[in-house]
Amino acid sequence: LIIPVLFRLKYFILWVMSVISLDSEYLKLEQVLQAASMDNKTIILTTLNAAWSSPGSVIDLFIDSFRHGVRTSSLLKHLVIIAFDRKAYRRCTEIHTYCYALVTGNVDFSQEKRFLTAGYLEMMWKRLDFLRLVLEKGYSFIFSDADIMWFRNPFPYFYPDGDLQVACDHYVGNATDLRNIANGGFNYVKSNNQSIEFYKFWYSSRLRYPGYHDQDVLNFIKHDPYIMDIGLTIKFLSTTYFGGICEPSKDLNEVCTMHANCCIGLQSKLHDLRIIMEDWRDYMSMPPSLKTSGAFSWRVPQNCSLSLLNQ
Ligand SMILES: *[C@@H]1O[C@H](CO)[C@@H](O)[C@H](O)[C@H]1NC(C)=O
Ligand SMILES: *[C@@H]1O[C@H](CO)[C@@H](O)[C@H](O)[C@H]1NC(C)=O
Ligand SMILES: *[C@@H]1O[C@H](CO)[C@@H](O)[C@H](O)[C@H]1NC(C)=O
Ligand SMILES: *[C@@H]1O[C@H](CO)[C@@H](O)[C@H](O)[C@H]1NC(C)=O
């Protein structure tokens, strides 16, 4: 008789421990968000897995871009890096102040995720659900993929009246036109009822579009009348300021961010990101008269490909 009782006791203790550790995770998230937050409860978020966390890899270029941008280095104190695995978390703690480990179940997010594999999709959806949680905690955020170089402070370029403001692979020249092709890798989201409801809707829409990633699903559901019902205002950000390899920000005097989108494979991405950083440094070291002449332009794409829309 004593054996089954002990057995149950063991499971009871394990259950209590798991509840406590979930609670402490939740507390820790709150602490990290609070510490990194601007006065107006706004933070900057990116996600990181092992493949992007090695020295000299994507995360180093990302942080480096803030240090070499125009008035962007002070934004680093508002950046929280969300690590998907142990290696990414450890590396984050070596290079940055605010790190959070997003505890995941049985999926290993540490390898390079090729576009549209099951693991990649799971990682993207997990991220979206996490962002909903951040909104629910009352924090507005800029979410930025780590393969986006920050060259200028983006805040002055946002619209005062957009709940969700999202960068584009292709921008048609009008911030409210739904024909803009959104890229979910960079967005500014205000925490309010509309955005929280929208993130729930977006996440639940994955069931209606199996096999697609969050960004494709965003481009499907942007037409959905439910968005009007929610009262969510979407603004698409111009590639003049928020560019990428798909559609570069032509003028370096105006660029805020450059994304290694339209690019498949980590080696190609790293190659072109390094070129983008070199170009930026060359631009920054030019005398003002040359800068404003507007004659300087990007040398990308090289190994990334313009023909690959998305990512
Ligand atoms: C929050 O604060 C930042 C930094 O001062 C500012 O740039 C941004 O515009 C503010 N956001 C809002 C919604 O007021
Ligand atoms: C921008 O697009 C919206 C929606 O398609 C349209 O109502 C509006 O007239 C457009 N604005 C301009 C300046 O073209
Ligand atoms: C959301 O809506 C409820 C009820 O309509 C309101 O009390 C609350 O203040 C709203 N919250 C936010 C963040 O706007
Ligand atoms: C980039 O492309 C060049 C020319 O096609 C090739 O020689 C080089 O190995 C590529 N580099 C990477 C890192 O993919």
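In what follows, residues are counted from 1 in the order of the sequence shown. Both ligands and their constituent atoms are indexed starting at 1 by order of listing. Any value given below was found using the heavy atoms of this structure, including those in side chains, with hydrogens, waters and symmetry copies removed.
Within the listing of ligand 1, atoms 13 (C) sit less than 4.0 angstrom from a heavy atom of Tyr188. Which parts of ligand 1 touch Asn40 is read off a 4.0 Å heavy-atom cut-off, strictly below it: atoms 1 (C), 2 (O), 3 (C), 8 (C), 10 (C), 11 (N), 12 (C), 14 (O). Shown in contact with Met38 at under 4.0 Å from a heavy atom are these atoms of ligand 1, numbered in order with element: 2 (O), 3 (C), 4 (C). Residue-ligand proximity, Gln267 to ligand 4, at heavy-atom distances under 4.0 Å covers atoms 13 (C).
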Any chance you could lay out the ring pair (Phe, Tyr, Trp, His ring centres under 6.0 Å) test for Phe186 and Phe242, step after step, and finish with the verdict? CA-CA 8 Å; Phe186 186 94; Phe242 302 94; 5.2 Å; yes

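Among all heavy-atom pairs drawn from Ile227 and Ile221, the shortest one is CD1-O, 3.1 Å.
For ligand 4, the polar-atom distance check finds an N/O of Asn303 within less than 3.5 Å of one of the ligand's N/O atoms. Inclusion of Lys190 in the set of residues having an N or O under 3.5 Å from an N or O of ligand 1 is not warranted.
With a 6.0 Å cutoff to the six-membered ring centre and a 45° limit on the axis angle, Lys291 does not count as a cation-pi contact of Phe296. Taking the ring centre of Tyr203 as origin, the terminal cationic atom of Arg206 falls inside the region bounded by 6.0 Å and 45° from the ring axis.
If you check the gamma sulfurs of Cys262 and Cys246, they are less than 2.5 Å from each other.
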If you look at each N/O of ligand 2, which protein N/O atoms lie under 3.5 Å away, and at what distance?
from: ligand 2; atom 1: 2 (O); to: Asn174; atom 2: OD1; distance (Å): 3.4
from: ligand 2; atom 1: 2 (O); to: Asn174; atom 2: ND2; distance (Å): 2.3
from: ligand 2; atom 1: 11 (N); to: Asn174; atom 2: ND2; distance (Å): 2.8
from: ligand 2; atom 1: 14 (O); to: Asn174; atom 2: ND2; distance (Å): 3.4

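Tyr209 and Phe220 have their aromatic ring centers within a separation under 6.0 angstrom.
The existence of a salt bridge linking Lys235 and Asp161 is confirmed by a sub-4.0 Å separation between a basic side-chain nitrogen and an acidic carboxylate oxygen. A salt bridge links Asp214 to Arg127: at least one charged side-chain nitrogen sits closer than 4.0 Å to a carboxylate oxygen.
Around CZ of Arg299, the count of heavy atoms belonging to other residues, nucleotides or ligands within 6.0 Å exceeds 12.
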